[in-house]
Amino acid sequence: MAYTLGIDIGTYETKGVLVDEAGEIHGQAARGHKMLVPQPGWAEHRPEEDWWGDFVHVCQSILKKTGVDPAEIKAVACSAIGPCMLPVNASGDPLMNGVLYGVDGRAEREVRDLTDRIGEETIIARCGNALTSQSVGPKILWLKRNRPEIYAETAHILTSTSFLVQRLTGQVVIDHYTAANFSPLYDVKTQTWIDDLADDIIDLDKLPRLLWSNEIAGEITSKAAAETGLAIGTPVTAGTIDAAAEAFSVGVDQPGDMMMMYGSTIFIILRAQSQVSDPRIWYAPWLFQGEHASMAGLATSGTLTHWFRDQFARDLDPKQAFPLLAEEASTSPPGANGLLMLPYFSGERTPIHDINAKGTFFGLNLTHTRGDMYRALIEGIAYGTRHVTDTFAELGQSPARLLAVGGGTKNALWLQATSDIIGIDQIVCEKTTGASYGDAFMAALAVGAVGRDDISTWNPVAQTVSAQTDPRYEKAYGLFRRLYAQTKDIAAELGSD
């Protein structure tokens with residue numbers, strides 16, 4: 001039997017799967033970790049413990065559970081949260097915690113300075129994306145300005161995926177899909193690193209070597225084999241960001257296919273026919289040369305459900321809390337009895353890109369229950385999601401089909417409310433394992449064990465969530481948009497000190 005191994009590092013959990021050539025899962029494991037918030041607006045992980053430590057633990061657990069001979073694993077692929085920013089020294093050792101993706105807004109000043117200096121139109125024309133909290137370039141400049149001693153010792157800037165691949169193979173690489181988030185250091189036309197827009201951020205030789213996600217980056221070294229239990233010489237792909245691997249896991253492969261990932265954040269990827277550059281969304285080359293993707297993402301989504309459980313459902317068994325909260329919320333009607341929630345608990349990413357946006361429950365009165373509040377929270381995330389899908393529609397990028405994936409797909413209330421609010425049916429595939437399953441498929445693809453079309457047999461469609469029209473949602477969505485617009489200045493002042 002031949003197998004491939006996929007492991008993904010998420011915001012709060014690492015998951016891994018061992019899959020055979022027919023797509024059947026033979027073993028899986030998971031391990032949780034925390035997102036560190038050392039101060040408001042920052043978000044970090046510990047690379048040694050949360051990335052490499054989790055990878056080793058999950059890998060060893062799968063090998064132990066299955067008893068599979070490591071020599072039978074024909075390839076390994078990994079993905080991770082991204083884009084992150086991690087400076088490492090010449091030995092590849094982390095010099096600080098990993099700075100996370102768009103939920104970390106520490107480089108707001110650098111975003112503003114670089115945009116003012118270069119010009120937003122120039123940045124979008126060359127890099128495909130406006131500078132936002134999602135951009136890695138400003139975070140490297142933040143490092144240079146605020147941690148000069150670390151910057152001076154930096155040999156390479158890695159992402160979370162790059163760090164794993166470097167530990168496994170000794171190779172310092174990055175896939176193009178991830179690299180496109182390094183604005184203003186990546187040119188989407190030439191698909192190369194550039195420094196002519198800003199030569200004061202970092203020497204380009206400190207950035208990883210560019211590869212496509214289906215390319216082999218290297219092989220498992222003897223040191224990595226000793227730590228993980230994998231066989232020396234096992235091929236390892238370049239990897240990618242978790243959301244891209246998640247999209248691939250459910251068959252987002254043709255132009256018009258859109259993934260909606262229900263995770264710690266809502267993340268959306270559309271396989272686009274051509275490059276679409278607009279400051280409200282993101283663009284990147286897709287996982288394969290000559291292909292395109294448009295992306296969007298909320299800052300907090302599943303994270304909010306965890307926050308709500310921890311703060312307002314302490315009387316419930318944590319293992320049963322989410323089903324019980326959903327049951328309570330189902331007794332509240334669409335519109336949550338007049339309660340609105342803005343889901344901007346870590347600012348917001350697309351389409352408003354407002355790091356100062358604040359979370360809000362609005363319209364509370366003495367009749368409201370916990371169920372009303374939880375329903376308002378679910379609906380608030382869905383209204384934020386509609387703001388994104390409306391933006392795609394304005395750009396002529398409405399999906400031909402929408403595939404839902406991630407842990408949130410187990411929440412029927414969330415799925416149905418989202419379809420009803422955005423007005424689009426959602427397809428849910430048989431396996432909702434997510435990014436690690438997509439990694440396993442990518443590993444099989446990289447060594448020629450499968451073709452791209454085989455994902456439809458690996459992971460067939462299980463159900464369709466049909467959108468239902470409700471005028472209460474239409475009214476509430478309009479109020480949601482107005483509530484943000486009319487409180488935006490107040491939110492900015494609240495965070496000004």
Side-chain angles (χ1 to χ4, degrees), residues 83 101-102 120-121 123-132 134-135 176-178 180-181 183 186 188-189 191 213 240-241 243-263 265-299 301 348-354 381-406 418-428 452 464-467 474 477 480-481:
Y101 49 98
E120 184 173 83
E121 289 187 6
I123 295 169
I124 292 175
R126 293 290 301 280
C127 305
N129 300 287
L131 295 182
T132 69
Q134 189 82 348
S135 307
H176 285 270
Y177 177 84
T178 306
N181 295 280
S183 302
Y186 180 88
V188 294
K189 300 293 187 185
Q191 295 178 340
S213 296
T240 191
I241 291 176
E246 194 126 14
F248 210 54
S249 78
V250 292
V252 171
D253 196 41
Q254 297 299 316
D257 286 346
M258 177 182 278
M259 175 207 71
M260 186 170 293
M261 181 179 76
Y262 290 79
T265 69
I266 290 285
F267 199 87
I268 294 172
I269 297 178
L270 174 75
R271 257 284 278 122
Q273 187 69 49
S274 59
Q275 178 181 337
V276 179
S277 294
D278 186 278
R280 293 171 292 176
I281 63 172
W282 302 307
Y283 165 79
W286 187 226
L287 305 180
F288 307 92
Q289 191 167 8
E291 299 181 1
H292 308 274
S294 296
M295 289 80 58
L298 307 188
S301 304
E348 186 53 294
R349 298 193 288 174
T350 58
I352 63 175
H353 297 295
D354 184 356
I381 297 168
Y383 294 137
T385 303
R386 176 171 168 180
H387 197 176
V388 170
T389 56
D390 280 0
T391 302
F392 273 100
E394 290 170 19
L395 296 170
Q397 297 291 308
S398 294
R401 61 179 191 146
L402 178 58
L403 299 110
V405 69
T418 299
S419 272
D420 295 348
I421 287 169
I422 68 175
I424 304 174
D425 295 348
Q426 296 180 84
I427 297 168
V428 182
R452 286 173 65 169
T464 298
V465 180
S466 299
E474 198 64 30
Y477 175 63
F480 172 90
R481 294 285 299 272

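Closest heavy-atom contact between Ser135 and Ser183: CB-O, 3.9 Å. For the pair Leu298 and Ile381, the tightest heavy-atom approach, listed with the atom from each and the gap, is CD1-O, 3.6 Å. Closest approach of Ala296 and Val388 over heavy atoms only: CB-CG1, 3.3 Å. Here the closest heavy-atom approach between residue Val188 and residue Cys127 is recorded as CG1-O, 3.0 Å.
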Please report the C-alpha distance between Phe392 and Ser294 in whole Å, then the side-chain angles of each, then the deciding distance to 0.1 Å, and finally whether the side chain to side chain contact (heavy atoms under 4.5 Å, CB included) criterion is met. CA-CA 9 Å; Phe392 273 100; Ser294 296; 3.6 Å; yes
Given Tyr186 and Arg126, is the side chain to side chain contact (heavy atoms under 4.5 Å, CB included) satisfied, shown in steps? CA-CA 8 Å; Tyr186 180 88; Arg126 293 290 301 280; over 6 Å; no
Determine whether Gln426 and Ser419 satisfy the following criterion, side chain to side chain donor-acceptor pair (under 3.5 Å), listing intermediate values before the conclusion. CA-CA 7 Å; Gln426 296 180 84; Ser419 272; 2.9 Å; yes
Side chain to side chain contact (heavy atoms under 4.5 Å, CB included) evaluation trace for Ile352 with Arg280: CA-CA 7 Å; Ile352 63 175; Arg280 293 171 292 176; over 6 Å; no
Check the pair Thr178 / Thr240 against side chain to side chain contact (heavy atoms under 4.5 Å, CB included), numbers first and verdict last. CA-CA 6 Å; Thr178 306; Thr240 191; 4.1 Å; yes
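Met260 is listed as a side-chain neighbour of Ile422, based on a closest heavy-atom distance under 4.5 Å. In this structure, the side chains of Ile266 and Ile268 come closer than 4.5 Å at one or more pairs of heavy atoms. Val252 places none of its side-chain heavy atoms less than 4.5 Å from the side chain of Met258. Between Arg349 and Trp282, the closest side-chain pair of non-hydrogen atoms falls below 4.5 Å. Proximity of Glu348 to His353: side-chain heavy atoms (C-beta onward) are nowhere separated by under 4.5 Å. Thr265 is listed as a side-chain neighbour of Tyr101, based on a closest heavy-atom distance under 4.5 Å. Residues His387 and Arg481 meet the side-chain proximity criterion, which asks for heavy atoms closer than 4.5 Å. Gln254 places none of its side-chain heavy atoms less than 4.5 Å from the side chain of Arg401.
The CG atom of Asp253 sits 4.0 Å away from atom CZ of Arg452, with the distance rounded to the nearest 0.5 Å. If you take OG1 on Thr418 and CD1 on Ile424, they are separated by 10.5 Å, rounding to the nearest 0.5 Å. The line from CZ of Arg386 to CD of Glu474 is 4.0 Å long, rounded to the nearest 0.5 Å. How far CE of Met261 is from CG of Leu403: 14.0 Å, rounded to the nearest 0.5 Å. Taking OG1 of Thr385 as the reference point, atom CD1 of Ile421 lies at 8.5 Å (rounded to 0.5 Å). Atom CD1 of residue Ile281 and atom CG of residue Leu270 lie 8.0 Å apart, to the nearest 0.5 angstrom.
In this structure, Glu120 has no salt bridge (charged side-chain N to carboxylate O under 4.0 Å, His left out) partners at least two apart in sequence or on a different chain. When the salt bridge (charged side-chain N to carboxylate O under 4.0 Å, His left out) test is applied to Asp420, no partner is found at least two apart in sequence or on another chain. Judged as a salt bridge (charged side-chain N to carboxylate O under 4.0 Å, His left out), and not counting sequence neighbours, Asp425 has no contacts. Looking at residues two or more places apart in sequence or on another chain, you find a salt bridge (charged side-chain N to carboxylate O under 4.0 Å, His left out) between Arg271 and Glu291. Residues passing the side chain to side chain contact (heavy atoms under 4.5 Å, CB included) test with Ala293, sequence neighbours excluded: Tyr177, Ile269, Trp286, Met295. Tyr283 is linked by a side-chain hydrogen bond (donor to acceptor under 3.5 Å, both in side chains) to His292, counting only residues two or more places apart in sequence or in another chain.
Judged by distance alone, the side chain of Thr350 and the main-chain N or O of Gly297 form a donor-acceptor pair under 3.5 Å. In this structure, the side chain of Thr464 does not engage the main chain of Ser466 through any donor-acceptor pair within 3.5 Å.
Crowding of Gln273 atom CD: a count of heavy atoms from other residues, nucleotides or ligands under 6.0 Å not exceeding 12.
Between Tyr477 and Tyr383, the two ring planes are tilted [angle within 30° to 60°].
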